[in-house]
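Structure record follows, encoded as structure tokens.
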Amino acid sequence: MNIICVDDEVVILNHIVNLCKSFLNGALIKGFSNAKGAIDEIENQNIDIAILDIDMPDMNGLILAAKIKELSPETSIIFLTGHPRFATDAFKLHASGYLLKPVDKEELKTEIEYALSSKKTLPKGKVSIETFGNFEVYSNGVQLKFNMAKCKEILAYLVDRQGSSATRAEIASILWEDRIYDRKLQKQLDVYIRSLRSTLEEYGIANIIERKRGTLRVVPEEFECDAYLFFKGDAKAVNAFRGEYMSAYSWASITEGIMFSQMNN
């Protein structure tokens with residue numbers, strides 16, 4: 001497990017790093033006093049959790065978090081700050097946690113445990129799809145690696161539709177909101193769809209997607225999904241939902257809002 005901590009106040013930074021080391025045996029924990037160092041680390045290493053101060057001079061934590069999510073959507077964000085007013089903006093970025101300074105060890109431990117548990121909401125059966133937090137797909141316990149990020153987003157969008165068919169034009173409007181669906185874009189989308197299909201075939205799970213009359217859909221019967229279990233009222237899935245749904249994709253906020261409403265009814 002790799003964790004980075006970022007705070008421009010070195011004394012506080014060292015304190016947070018030491019707190020993490022006190023209960024995370026075997027984890028690689030690095031501290032950075034500026035955003036640039038953290039970004040360089042993200043570009044070269046897979047980071048599971050980024051613990052960020054918000055009020056920093058060179059680049060505040062909110063901007064840094066957005067950059068981290070752009071570079072590594074799977075990285076969970078925990079914000080540390082002395083200012084409660086930042087909470088709303090923090091959760092707009094799908095933060096996994098938000099702690100006020102001075103940081104309590106047990107509260108930090110709880111937030112890190114939640115960030116890690118959100119990556120493990122489903123048993124790894126034949127095909128399982130996780131949507132709480134980041135979007136991930138597993139085949140026989142092995143996490144799928146996609147050739148291109150857009151391929152993964154296409155599958156995420158189809159999963160979000162819960163088995164309903166989507167035309168290529170609809171998919172394109174999600175992936176490229178500001179582009180006209182012309183011949184050039186059609187060809188570009190076809191490349192991503194073929195790559196997605198190739199990846200699924202490589203893992204032996206091409207049957208989770210069905211193509212018919214120019215449309216695509218997932219076949220819900222062919223996999224297990226935490227969100228699908230949530231909407232069926234499965235108690236374990238409902239308890240596992242902590243407000244994050246496909247965090248890397250802004251279009252997923254609609255379903256996220258529906259899930260919030262269902263929990264409150």
Side-chain angles (χ1 to χ4, degrees), residues 1-10 12-17 19-21 24 27-83 85-101 103 107-120 130-136 143 145-146 148-153 156 175 242-253 256:
M1 179 188 356
N2 291 335
I3 294 177
I4 61 171
C5 306
V6 188
D7 196 308
D8 62 304
E9 297 185 47
V10 177
I12 294 177
L13 175 63
N14 291 336
H15 176 62
I16 298 301
V17 169
L19 281 182
C20 290
K21 288 181 177 179
L24 290 171
L28 180 60
I29 303 165
K30 293 185 178 181
F32 299 92
S33 60
N34 58 72
K36 183 181 183 304
I39 292 171
D40 289 344
E41 185 73 9
I42 286 280
E43 289 177 336
N44 292 287
Q45 297 289 337
N46 292 322
I47 302 300
D48 297 291
I49 299 174
I51 302 173
L52 312 178
D53 181 33
I54 290 182
D55 191 13
M56 295 188 292
D58 57 336
M59 178 187 294
N60 74 45
L62 297 172
I63 296 175
L64 176 57
K67 180 65 175 178
I68 289 173
K69 282 294 187 180
E70 178 184 331
L71 294 171
S72 177
E74 293 79 15
T75 299
S76 297
I77 305 293
I78 297 175
F79 285 113
L80 305 178
T81 182
H83 306 285
R85 68 179 184 275
F86 290 124
T88 300
D89 290 333
F91 285 107
K92 284 180 181 178
L93 290 167
H94 300 283
S96 294
Y98 184 94
L99 293 172
L100 292 176
K101 297 177 181 179
V103 177
E107 289 181 352
L108 177 61
K109 183 179 179 181
T110 297
E111 293 299 339
I112 289 177
E113 287 175 346
Y114 164 62
L116 295 175
S117 68
S118 67
K119 302 174 186 293
K120 305 174 183 177
E130 295 183 350
T131 64
F132 295 171
N134 297 303
F135 176 78
E136 300 295 348
Q143 184 177 334
K145 301 297 182 183
F146 296 85
M148 294 172 280
K150 291 293 187 185
C151 300
K152 186 176 184 180
E153 186 171 2
L175 269 61
R242 295 285 296 275
E244 292 183 287
Y245 172 78
M246 295 196 189
S247 302
Y249 310 122
S250 60
W251 48 260
S253 61
E256 185 176 272

inquiry  = Suppose we screen for side-chain hydrogen bond (donor to acceptor under 3.5 Å, both in side chains). Which residues come up paired with N2, at least two apart in sequence or across chains?
reply    = none
query = Under 4.5 Å between any side-chain heavy atoms of D8 and S33, yes or no?
reply = no
task = Go through L28 and M1 one step at a time and tell me if the side-chain contact (heavy atoms from CB on, under 4.5 Å) criterion holds.
result = CA-CA 6 Å; L28 180 60; M1 179 188 356; over 6 Å; no
task = Could you check I42, L64, I77 and say which one makes a side chain to side chain contact (heavy atoms under 4.5 Å, CB included) with K69?
result = I77
request  = Answer whether the closest heavy-atom distance between the side chains of I3 and I47 falls below 4.5 Å.
outcome  = no
Heavy-atom check, side chain of I51 versus side chain of I4, under 4.5 Å = no
query = Quick one: side-chain hydrogen bond (donor to acceptor under 3.5 Å, both in side chains) partners of D53, sequence neighbours excluded?
reply = K101
inquiry  = Give me the atom names and distance for the closest heavy-atom approach of L108 to C20.
reply    = CD2-SG, 4.0 Å
task = Using the test side chain to side chain contact (heavy atoms under 4.5 Å, CB included), find all partners of A156 that sit at least two apart in sequence or belong to another chain.
result = F135, M246, Y249, W251
message = Heavy-atom count check: over 12 atoms from other residues, nucleotides or ligands less than 6.0 Å from N46 CG?
response = no
inquiry  = I need the minimum non-hydrogen distance between V17 and G31, along with the two atoms involved.
reply    = CG2-CA, 3.9 Å
ask   = With sequence neighbours left out, what residues match E136 under side-chain hydrogen bond (donor to acceptor under 3.5 Å, both in side chains)?
value = Q143, K152
message = What I'd like to find out is whether the side chain of L24 reaches to under 4.5 Å of the side chain of I112, using heavy atoms alone.
response = yes
request  = Measure the CD-CE distance between E9 and M56 for me, rounded to the nearest 0.5 Å.
outcome  = 11.0 Å
ask   = Can you find a heavy atom in the side chain of L13 that is under 4.5 Å from one in the side chain of C5?
value = yes
request  = Output yes when a side-chain donor or acceptor of T81 lies under 3.5 Å from a complementary backbone atom of I54, and no otherwise.
outcome  = no
Minimal non-hydrogen separation, G61 against L52, with atom names = O-CD1, 3.8 Å
Minimum-distance pair of heavy atoms, taken over all atoms of E256 and G243 = OE1-O, 3.2 Å
key: Under the side chain to side chain contact (heavy atoms under 4.5 Å, CB included) test, residues paired with A149 that sit two or more places apart   = none
request  = Check whether any side-chain heavy atom of K109 sits under 4.5 Å from a side-chain heavy atom of Y114, and report yes or no.
outcome  = no
ask   = Do you know which two heavy atoms are closest between A115 and I49, and how far apart they sit?
value = CB-CD1, 3.9 Å
ask   = Under a 4.5 Å cut-off applied to non-hydrogen side-chain atoms, are E111 and L99 in contact?
value = yes
task = Tell me, please, which residues at least two apart from E43 pass side chain to side chain contact (heavy atoms under 4.5 Å, CB included).
result = I39, D40, L71
Which atom of K30 lies closest to which atom of E41, heavy atoms considered = NZ-OE2, 3.1 Å
request  = Ignoring hydrogens and angles, tell me if any N or O in the side chain of K21 forms a donor-acceptor pair with the backbone of I29 under 3.5 Å.
outcome  = no
key: side-chain hydrogen bond (donor to acceptor under 3.5 Å, both in side chains) against S72, all qualifying residues, sequence neighbours excluded   = T75
key: Reported CG-to-CG distance for the pair L62 and D55, which is rounded to 0.5 angstrom   = 10.0 Å
